[in-house]
Each structure stands twice: as C-alpha cells, then as structure tokens.
Engineer: 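Dropping the structure in here first, questions after.
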Amino acid sequence: MTPVALIVSLEAVRIEANSAMPNAPVVDDGRGRGESAAMTKVRGFAARTLRQVADRVEPTPALTYG
C-alpha cells in the first residue's frame, strides 16, 4: 500500500469515527418538510408502473433453472 493511500484511508476512518460524536455537524436532508399532493401522486404512479414492468419482465417459475 502506498503511503498516500494509507494517509487517505486513515483520514477517511477518522472522519467516519468522528461523525458519531455529539458535536458533529448536522446536515438537513429535507425529510422534515411535507410532500405536495402532486408529488405523492407522481410517486405512486411511478411505483405502480415500475411494479407492472417488473411483473412483465420477470420470467415465469417454469422457465427458471435453479
């Protein structure tokens, strides 16, 4: 392992370990805000459509080998 890779990996481990500290910075990810009704409808439509596509693409149990 090269010395630079060792230094970078140790720095990454230190940052990850310090992220659990009580005084760690907090980043707002926006989950506290409510979704609009239109966004809820779009998300539901997308989920239904993807589920239907997955059901069509999935092979039938008789064709699977296992």
Side-chain angles (χ1 to χ4, degrees):
M1 193 181 239
T2 63
V4 173
L6 182 62
I7 293 170
V8 170
S9 65
L10 288 176
E11 183 68 17
V13 168
R14 185 188 64 77
I15 290 171
E16 181 68 25
N18 285 340
S19 68
M21 302 287 281
N23 61 349
V26 177
V27 177
D28 181 25
D29 60 357
R31 291 187 192 170
R33 292 174 278 183
E35 285 187 357
S36 67
M39 190 61 181
T40 304
K41 288 181 182 180
V42 168
R43 186 171 290 185
F45 175 75
R48 282 190 306 274
T49 304
L50 288 173
R51 180 72 256 170
Q52 290 170 353
V53 169
D55 288 341
R56 283 196 177 264
V57 172
E58 183 180 21
T60 59
L63 297 177
T64 57
Y65 304 101

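For the single chain, residues carry numbers from 1 onward in sequence order. This structure is a prediction, so every number in the text was calculated from the model and none was measured.
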Engineer: How many angstroms lie between CG in Leu10 and CD1 in Ile15, if you round to the nearest 0.5 Å?
Structural biologist: 11.0 Å
Engineer: In chain order, what residues pass the side chain to side chain donor-acceptor pair (under 3.5 Å) check against Glu58, with sequence neighbours excluded?
Structural biologist: none
Engineer: Would you indicate whether Glu11, at its atom CD, is surrounded by more than 12 heavy atoms from other residues, nucleotides or ligands within a distance under 6.0 Å?
Structural biologist: yes
